[in-house]
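Some notes on the structure that comes next.
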Amino acid sequence: MERTRIAVAGASGLIGSALVRSLTADGHEVVRLVRHAPRSEAEVRWDPERGRVDAAGLAGCSAVVNLAGAGVGDHRWTDAYKRRIHDSRVHGTAALAKAVAALDERPRVFVNGSAMGYYGETAERVVDEGAPAGRGFLPELCVEWEAAAEPARAAGVRTAFTRTGLVVARGGGAWGRLFPLFRAGLGGRMGDGRQYWSYIALHDEVAAIRHLLDRGDLSGPFNLTAPEPLTNGEITAAMGRVLHRPTLFPVPAPVLRTVLGEMAGDVLGSARVVPKRLLESGFTFAFPGIEDALRAA
């Protein structure tokens, strides 16, 4: 990809910060969308919940990447926090898409975050991008989230969605919480361990986003998950092997439901999601297996 100006929303998050490092290392000029008053020309102010963005700051950007949103696993899912999860994604995406569409010189591409939660509970059924949306809070959120990008697509901007799986990384997300437990010898399967977890190494997540930025023929949804989803039990065993720790402390489903509330359904639920379109586009995973992904983290 030629060196260019790229706007990133959610630049301080796990994926966003890694993407910014990657783009900057290759000489791209990165503009961060921030909630505070801009401190330099490298920052553009926005308020995702209220649907506001300083569109003038996006001028000259060849690409816009939106990875912003309140953390799904950061808090118990009260009605108020579910509203925050919703508004930070849907309203923020709509604001960015409208701002992009209104520019005199529009970006070539708009890459918008989404999640494998789009498919809901899949049990042992393998699903790719052609599968319909599931039911429940996360699937319905993802449908609305992706639909909010319509102004950009309708204005002729190539638009792609990253339906991301569980990101294997040391510094955040689900694995940011799991690694300390397993290192302490307190790790174990969750529930019966038979539910499928679709994961992706942070390195591959960033590489896949850049693949979507670079390829002018790619649009629509892409599952950002490793090629072979594994059960929670298989991942637990791999964690034990890589960290050389016992995995003797399973967490029973009732305990998870008590501690996590409604969110426990997504920890105990099964999502067997495969990256069909990403593989068909020629993308190559650097860390396709769970042990490789864990060691990379």
Side-chain angles (χ1 to χ4, degrees), residues 1 6 8 14-16 18-19 21-23 26 63-67 108-134 138-139 142-143 145-146 149 153 157-169 173-175 195-232 234-235 238 242 266 269-297:
M1 183 177 184
I6 300 171
V8 179
L14 172 66
I15 299 169
L19 176 64
R21 287 194 299 272
S22 175
L23 291 170
D26 284 346
V64 174
V65 181
N66 178 26
L67 302 172
R108 294 195 298 266
V109 56
F110 181 36
V111 174
N112 199 72
S114 187
M116 70 174 183
Y118 178 96
Y119 305 104
E121 169 68 45
T122 77
E124 295 187 355
R125 178 171 54 95
V126 177
V127 296
D128 59 32
E129 292 87 352
L138 283 181
C142 289
V143 170
W145 188 6
E146 293 182 11
R153 192 203 64 79
V157 178
R158 180 171 64 87
T159 303
F161 303 99
T162 57
R163 293 178 181 169
T164 296
L166 297 169
V167 179
V168 184
W175 260 274
Q195 70 273 28
Y196 277 90
W197 279 19
S198 297
Y199 64 90
I200 185 170
L202 179 59
H203 173 97
D204 287 329
E205 172 77 13
V206 170
I209 293 172
R210 296 199 56 175
H211 181 71
L212 296 178
L213 289 172
D214 292 347
R215 287 280 300 273
D217 58 331
L218 301 181
S219 61
F222 288 83
N223 294 336
L224 269 56
T225 58
E228 296 290 340
L230 298 174
T231 65
N232 174 258
E234 291 170 325
I235 289 175
V242 171
D266 290 280
S270 186
R272 197 174 184 182
V273 181
V274 295
K276 180 181 178 182
R277 296 194 67 214
L278 195 60
L279 292 172
E280 288 177 346
S281 73
F283 180 79
T284 302
F285 285 83
F287 304 102
I290 187 60
E291 292 197 18
D292 291 335
L294 290 169
R295 291 191 178 96

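All residue numbers in this chain count up from 1 along the given sequence.
- To the nearest 0.5 Å, the span separating CZ on R272 from CD on E124 amounts to 6.5 Å.
- In terms of modelled atom types and a separation under 3.5 Å, the side chain of S198 and the main chain of A271 share a donor-acceptor contact.
- The CZ atom of R108 sits 9.5 Å away from the CG atom of D214 when rounded to the nearest 0.5 Å.
- With no hydrogens or angles considered, no side-chain donor-acceptor pair links R215 and S281 at under 3.5 Å.
- Of the residues L67, V64, T162, the one that meets the side chain to side chain contact (heavy atoms under 4.5 Å, CB included) test with V111 is T162.
- The closest donor-acceptor contact from the side chain of D204 to the backbone of F287 lies under 3.5 Å.
- For the atom pair CD1 (I209) and CZ (F222), the distance works out to 12.5 Å, reported to the nearest 0.5 Å.
- With a 4.5 Å cut-off on side-chain heavy atoms, W175 and I235 count as touching.
- Across V143 and A133, no two heavy atoms sit closer than the pair CG2-CB, 3.5 Å.
- One finds the CZ atom of F285 at 11.0 Å from the NE2 atom of H203 (value rounded to the nearest 0.5 Å).
- Taking CG of N223 as the start and CG of D128 as the end, the distance is 7.0 Å to the nearest 0.5 Å.
- Side-chain atoms of L23 and R210, non-hydrogen and from C-beta on, do get closer than 4.5 Å to each other.
- Residues A293 and V168 share a closest heavy-atom pair of O-CG1, 3.7 Å.
- Using a 4.5 Å heavy-atom cutoff, the side chains of V242 and R295 are in contact.
- The side-chain heavy atoms of N112 and W145, taken from C-beta on, include a pair separated by under 4.5 Å.
- To the nearest 0.5 angstrom, I15 atom CD1 is 8.0 Å from L224 atom CG.
- Few gaps surround CD on E291; more than 12 heavy atoms of other groups in view lie less than 6.0 Å from it.
- Nearest heavy atoms, Y119 versus R163: OH-NH1, 2.8 Å.
- The heavy-atom pair separating A226 from P288 by the smallest distance is CB-O, 3.5 Å.
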- Task: Please lay out, stage by stage, how V109 and L212 fare under the test side-chain contact (heavy atoms from CB on, under 4.5 Å).
- Result: CA-CA 9 Å; V109 56; L212 296 178; over 6 Å; no
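- In this structure the side chain of E129 reaches within 4.5 angstrom of the side chain of K276, judged on heavy atoms.
- Side-chain contact check for V65 versus I6: some heavy-atom pair is nearer than 4.5 Å.
- Remark: the backbone N or O of T122 is not paired with any side-chain donor or acceptor of S270 at under 3.5 angstrom.
- V127 approaches R125 most closely through the heavy-atom pair CG1-NH1, 3.2 Å.
- By the 4.5 Å heavy-atom criterion applied to side chains, S219 and T159 are not counted as neighbours.
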- Item | Audit row: I290, Y199, side-chain contact (heavy atoms from CB on, under 4.5 Å) steps and yes/no | CA-CA 8 Å; I290 187 60; Y199 64 90; 3.8 Å; yes
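- For the pair P229 and V273, the tightest heavy-atom approach, listed with the atom from each and the gap, is CG-O, 3.3 Å.
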